[in-house]
Amino acid sequence: MQQMHEERTLMRAVCVNESGKLDVKHIPRPEPKDGQLLIRVAATALNRADLLQKRGLYPPPPGESEILGLEASGVIADIGPGVKGNWILGSKVMALLGGGGYAEYVAVPEKLVMSVPSPLTLNQAAALPEAWLTAYQLLHFIAKVKPNETVLIHAGASGIGTAAIQLVRLSDAIPVVTAGSPEKLKFAEQMGAAAGINYKEEDFSEKVLQFTEGKGADVILDCVGGSFWEKNICSLAIDGRWVLYGMLGGKTADGDLLGKLLRKRGNLLCSLLRSRSLQYKAELVRSFTEQVLPHFQSTDSPLRPVIDSMFSLEDVEMAHEHMEANKNIGKIILKMGNS
């Protein structure tokens, strides 16, 4: 009886040990609090924030789970008190998380939970929440992209990059991407990029100006930061919006950044999603559910999540090494073994 009780109250989860390595352990299963749903996780997906968090560089916001994982898909296992939606036990859902995705169960505010479009598998659904909501937020809440504008997307073959390409097309705007290999550029163009630039071999600012006949990009989605700042400003159209959401290329910028940005009348907009309020995230999820999710419902949908590879929970270190190598195109999925 004791063993059966423990099986019902414990779950497998990935924990970071003192040396920064990832271990799968049995820990207490969360209980849904007021307004929360308990999801039995089928799959989660890796994000670069996970790599930073395990090094102690990106701690979760106060009150969030210490477990890695910013998104998950699965089925509703329990409904907490005060839940207002018409949720049904066993329904397929996906959710944006502040943490906790690398586990067999996660408790989530119902406002951050979305039903899985019927054509998608749970593995595909795990590739949606963080990348697609981030891309949607950057394009529509922050940059306010308009039809026919040119959008320069760095890391165009990443999870956010491939989502952004499709969302830019959905907005009748024009996506241009950078990436570091011919394979990634080819894939980005297959996804709908109007042009692809190998930033390792070419000056992307020159190519952007050529493509736009000297005007420059109206919007730049930048996860690189420091090492790209000067070329970003060269690439930017007058009154353009440079949206910074990551610093893979460093935090510092030496030189006349402010002067050059001022001469372009450029707007530098900075955004993170994980640290936003529940109210903000809920509004983002609501808008995305209304404006984008219906496009996934048809079997010939113009939108699709891009999955690079899938790993079992026990192979989580291997999955992280794969992301560290920076060779993935799209999302890396971690399967829980619950599906």
Within a strict 4.5 Å, meaning less than it, do heavy atoms of the [X] and [Y] side chains meet?
X: N232; Y: H154; result: yes
X: Q137; Y: Y245; result: no
X: F288; Y: L293; result: yes
X: P32; Y: I79; result: no
X: V93; Y: L37; result: no
X: S312; Y: K335; result: no
X: Q124; Y: P119; result: no

Next item on the list: Quick one: list whatever passes side-chain hydrogen bond (donor to acceptor under 3.5 Å, both in side chains) with W229, sequence neighbours left out.
Entry: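 Listed in chain order: nothing, the list is empty.
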Checklist line | Non-neighbouring partners of Q166 that pass side-chain hydrogen bond (donor to acceptor under 3.5 Å, both in side chains), sequence neighbours left out | finding: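 For Q166, no residue satisfies side-chain hydrogen bond (donor to acceptor under 3.5 Å, both in side chains) once neighbours in sequence are set aside.
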Notebook entry, point to check: Is E283 salt-bridged to R276, cutoff N-O under 4.0 Å?
Noted result: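 No, E283 and R276 are not salt-bridged.
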Notebook entry, point to check: Is R263 salt-bridged to D256, cutoff N-O under 4.0 Å?
Noted result: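 Result for this pair is yes, salt bridge flagged.
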Next item on the list: Identify the heavy atoms of V219 and A143 that sit nearest to each other, and give their distance.
Entry: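 In this case the closest contact between V219 and A143 is CG1-CB, 3.8 Å.
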Check: Mind checking what makes salt bridge (charged side-chain N to carboxylate O under 4.0 Å, His left out) contact with K260, not counting sequence neighbours?
Finding: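 With neighbours one apart ignored, the set is E230.
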Margin query: As a quick check of understanding, evaluate side chain to side chain contact (heavy atoms under 4.5 Å, CB included) for I174 and F211, giving each step before the final call.
Written below: CA-CA 11 Å; I174 303 160; F211 179 83; 4.0 Å; yes
Nearest 0.5 Å please: distance from the [atom1] atom of [X] over to the [atom2] atom of [Y].
X: E130; Y: L273; atom1: CD; atom2: CG; answer: 5.5 Å
X: I238; Y: K264; atom1: CD1; atom2: NZ; answer: 6.0 Å
X: E189; Y: K186; atom1: CD; atom2: NZ; answer: 10.0 Å

Notebook entry, point to check: Any chain of hydrophobic side-chain contacts (each under 4.5 Å) joining I27 to L334?
Noted result: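 Same cluster: I27 reaches L334 through Ile, Leu, Val, Met, Phe, Trp or Tyr contacts under 4.5 Å.
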Side chains of [X] and [Y]: donor-acceptor distance under 3.5 Å anywhere?
X: D50; Y: Y102; result: yes
X: H295; Y: S301; result: no
X: T121; Y: N123; result: no

Note to self: Under the criterion side chain to side chain contact (heavy atoms under 4.5 Å, CB included), I'd like the reasoning laid out for V292 against L167: C-alpha separation, chi angles, the key distance, then a yes or no.
What the structure shows: CA-CA 8 Å; V292 180; L167 289 171; 3.9 Å; yes
Item checked: Evaluation steps, side chain to side chain contact (heavy atoms under 4.5 Å, CB included), between R241 and D218 -> CA-CA 6 Å; R241 290 94 76 201; D218 302 287; 4.2 Å; yes
